[in-house]
Amino acid sequence: MPRLRPEKTDGPPLGQGEAGPPDFTDQPRVRLNDHGVLDVPPLGGWSPVLSVSVVVPAHGQPEKLSLVLASLAGQSYPSHLMEVVVVDDGSAEPLVLPEVRPQNTRIVSSGPGGWGSAHAVNTGVAVSSGQVVLRLDADMLVYREHVESQMRWHHLVDYGVVMGHKLFVDFDPSMVEGELSPGRVREEVRAGRADRLFDRESADPHWVEAVIERGNGLRDSGHKAYRVFIGATGSMHRTLFDEAGGMDPAMVLGGDSELGYRLAQRGALFVPDLDTSSWHLGRSQMQTRRDAGTRYRSPHIANRVPDYHLRRKSPERIWEVPRADVVVQAGGFSLEEVEATAARVLAGTAPDIRLWLVGPWSGIGDGRCSPLEEECLDLRLIREAFRGDPRVRFSEEVPEEDPQVPFRLYVPTGSLPLRGMVADLVKLADADGAGLVCVPVPGALRAGDGVLRMERAAAFARARHLEPGAGGGDLDRVVEAVSGIRWASAQDIVDVPEGADTTWSAVRAGAVRRRAGADLSPAELRRELARAQTEVARLKHKVERTERKLRWFTPGLTRRVLRRIAR
């Protein structure tokens, strides 16, 4: 859900590279999170063209801020392509710019209506103008190539999220008056000697380093890569930041983790940049007060991030962001057919879902009618049967994708889901990071091509970004390239009639017939079949109702009534 941010204000415009902005039309289609396929140039051996806004949220501690700005003044990235925006988040003594700082630096006050790091970052992004946004905490003394190293990746793809490396060291404000003066820091950074400012042997690494190493530099981390997006230093294209909705100002703590999830939902690629580093001045809150910090963050993150581990401890609970949107067609089907599927979905082992019943609900009138013979009788009964469940939504059309919900599940009407259907499909998808899971459902009632589909929002978002305008089978092919498609048997997903053939070829053979002389792709055939089956269902339903009316309003009506009374 997009976050509201302050209106952008006029600031000094950033320059542009001589070659102009890079063309991302044919950028690489990275599969899952395997960023190793990107040919990143060596530090110092390339020509930048993208502008970057370094946004620094700050609250007090001017001594640390002075060193941060001093290190930014010594960066290798071209100064005409870099601006620094310090956001004063309500410091008791208003922050002022120190003498040693980058050329294009300013301080702004955090916007009205909120407080905290997330709100401050949104303020800084809103007033900045760089094509790339690099968030840097106000206690991060960065090495000379810190900005340049992250920016290399953003010149290759516009859907990357790059995370900088850091080491935690002890810090005392008095150091600024001695061996760590801003002037010395700038010169040491500029000379490429930032690694000598502290003792690396006594520094502590961040816990995410172990996760990054286990995941082969996150290349093998797949859909879980976003979990190590833990603030302090990280960058992305402004367009990606805006598409994700910016930071959630309600997340006073843990906002970076939640933003990482929403970036992943937009198809982001997560890259740990290890070619340079930074010094984190002092220990983090999660190092000094880990239990209290975790206790505060957990419920906030769990309510917004469906695969957060806390949810596994409370599997029966309904959360703000559901794990899956389930779509079931109701138009043209009877109450019994819809109820057979929808009731089982709602009674499953995964209650944190949202069920969409799709049909022409606006056609249900409120005027006088024959209650047992009205044209929209089944739709009226379906709506009445399910309107009391807060998880159920009624929609005229298949709703647009909710980017916060990780999965969308299309269930053929008339199929009989097993209780663990949603949970089992998620496990199947997560086993190899598949972007689409397909299950042939034999005997499905006039619903599409008889295939149950579960789509991973992140994979489809990346596919749409890489191939704008693609749809149907064309979009599926892009999803297959960036995330993979998995086919599964219906046996463990839905109740299957004894002896039924659950293979895709058998379902397709019973559902698809190529029109004589037509040269249609499988995707086009499936769409044609879906349209035809929907029309047949509608006409069949109308014929049945008309026949019932005709029987009652033809000669012999009185005799039939008397026979019923006699019984």
Side-chain angles (χ1 to χ4, degrees), residues 43 54-77 84 86 89 91 95 98 100-102 117 121 134-150 162-213 228-235 253-254 256-257 272-294:
L43 292 171
V54 182
V55 177
V56 184
H59 178 74
Q61 298 185 310
E63 299 86 1
K64 291 183 178 180
L65 178 62
S66 67
L67 300 187
V68 172
L69 294 178
S71 68
L72 288 173
Q75 290 298 295
S76 61
Y77 203 71
V84 179
V86 178
D89 181 32
S91 300
L95 296 172
V100 180
R101 62 180 187 268
S117 178
V121 169
L134 193 157
R135 177 259 179 87
L136 186 70
D137 278 357
D139 50 11
M140 301 288 294
L141 194 165
V142 297
Y143 290 15
R144 177 177 181 269
E145 299 88 1
H146 196 86
V147 175
E148 177 195 347
S149 193
Q150 293 192 34
V162 185
M163 296 161 286
H165 186 268
K166 54 185 172 291
L167 291 168
F168 293 84
V169 294
D170 292 326
F171 175 78
D172 189 294
S174 62
M175 295 179 177
V176 177
E177 302 299 328
E179 69 274 19
L180 275 182
S181 68
R184 177 177 176 244
V185 167
R186 177 184 57 189
E187 295 310 312
E188 292 297 297
V189 170
R190 183 176 290 168
R193 296 191 295 267
D195 59 324
R196 305 179 189 178
L197 292 173
F198 292 92
D199 178 16
R200 191 180 183 94
E201 295 300 320
S202 63
D204 291 333
H206 196 233
W207 65 266
V208 303
E209 288 189 36
V211 179
I212 291 172
E213 184 176 356
V228 299
F229 183 69
I230 311 294
T233 170
S235 56
L253 297 178
D256 42 10
S257 298
D273 186 79
L274 308 179
D275 288 346
T276 183
S277 190
S278 60
W279 299 112
H280 190 290
L281 305 177
R283 308 296 167 168
S284 70
Q285 182 197 69
M286 290 301 287
Q287 288 176 315
T288 59
R289 302 190 63 190
R290 182 177 184 83
D291 291 342
T294 300

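When each of Y143, W279, F168 is tested with F198 by the rule ring-ring contact (aromatic ring centres under 6.0 Å, His included), just one qualifies, namely W279.
You'll find the side chain of S278 stays beyond 4.5 Å of the side chain of L167, heavy atoms only. By the 4.5 Å heavy-atom criterion applied to side chains, I230 and W207 are counted as neighbours. Side chains of L281 and E63 form no contact here, defined as non-hydrogen atoms less than 4.5 Å apart. Two residues are said to be in side-chain contact when any heavy atoms from C-beta on lie closer than 4.5 Å; E148 and L43 meet this criterion. Between V189 and Q75 there is a side-chain heavy-atom pair separated by less than 4.5 Å. Counting heavy atoms from C-beta outward, E209 and H165 have side chains that approach closer than 4.5 Å. No side-chain heavy atom of L67 sits under 4.5 Å from any side-chain heavy atom of M175. Here the side chains of L69 and V86 are in contact, with some heavy-atom distance below 4.5 Å.
Between the CG atom of D204 and the NE2 atom of H280 there is a distance of 11.5 Å, given to the nearest 0.5 Å. The CG atom of L72 sits 9.0 Å away from atom CG of L141, with the distance rounded to the nearest 0.5 Å.
Heavy-atom minimum distance, V169 versus A203: CG1-CB, 3.6 Å. Taking both residues in full, the closest heavy atoms of V162 and Q150 are given as O-OE1, 3.4 Å, listed atom of the first, atom of the second, then distance. Heavy atoms only, all atoms of each residue included: A73 and R186 are closest at CB-CD, 3.9 Å. Across all non-hydrogen atoms, the minimal contact from S66 to P98 is CA-CG, 4.1 Å. Scanning both residues, A138 and K64, for their nearest heavy atoms gives O-CB, 3.5 Å.
A donor-acceptor distance shorter than 3.5 angstrom exists from the side chain of R144 to the backbone of R190, with no hydrogens or angles considered. A donor-acceptor distance shorter than 3.5 angstrom exists from the side chain of S91 to the backbone of G60, with no hydrogens or angles considered. In this structure, S71 contributes its side chain and V142 its backbone to a donor-acceptor pair below 3.5 Å. Of the possible polar contacts, one joining the D199 side chain to the E201 backbone as a donor-acceptor pair under 3.5 Å is found. Counting only distance, with no hydrogens or angles, the side chain of H146 and the backbone of S277 share a donor-acceptor pair below 3.5 Å. Side-chain atoms of K166 do not come within 3.5 Å of backbone N or O of A232 as any donor-acceptor pair. A donor-acceptor pair under 3.5 Å links the side-chain atoms of H59 to the main chain of D89, judged by distance alone.
Side-chain contact annotation: S149 with D273, donor-acceptor N/O pair under 3.5 Å present.
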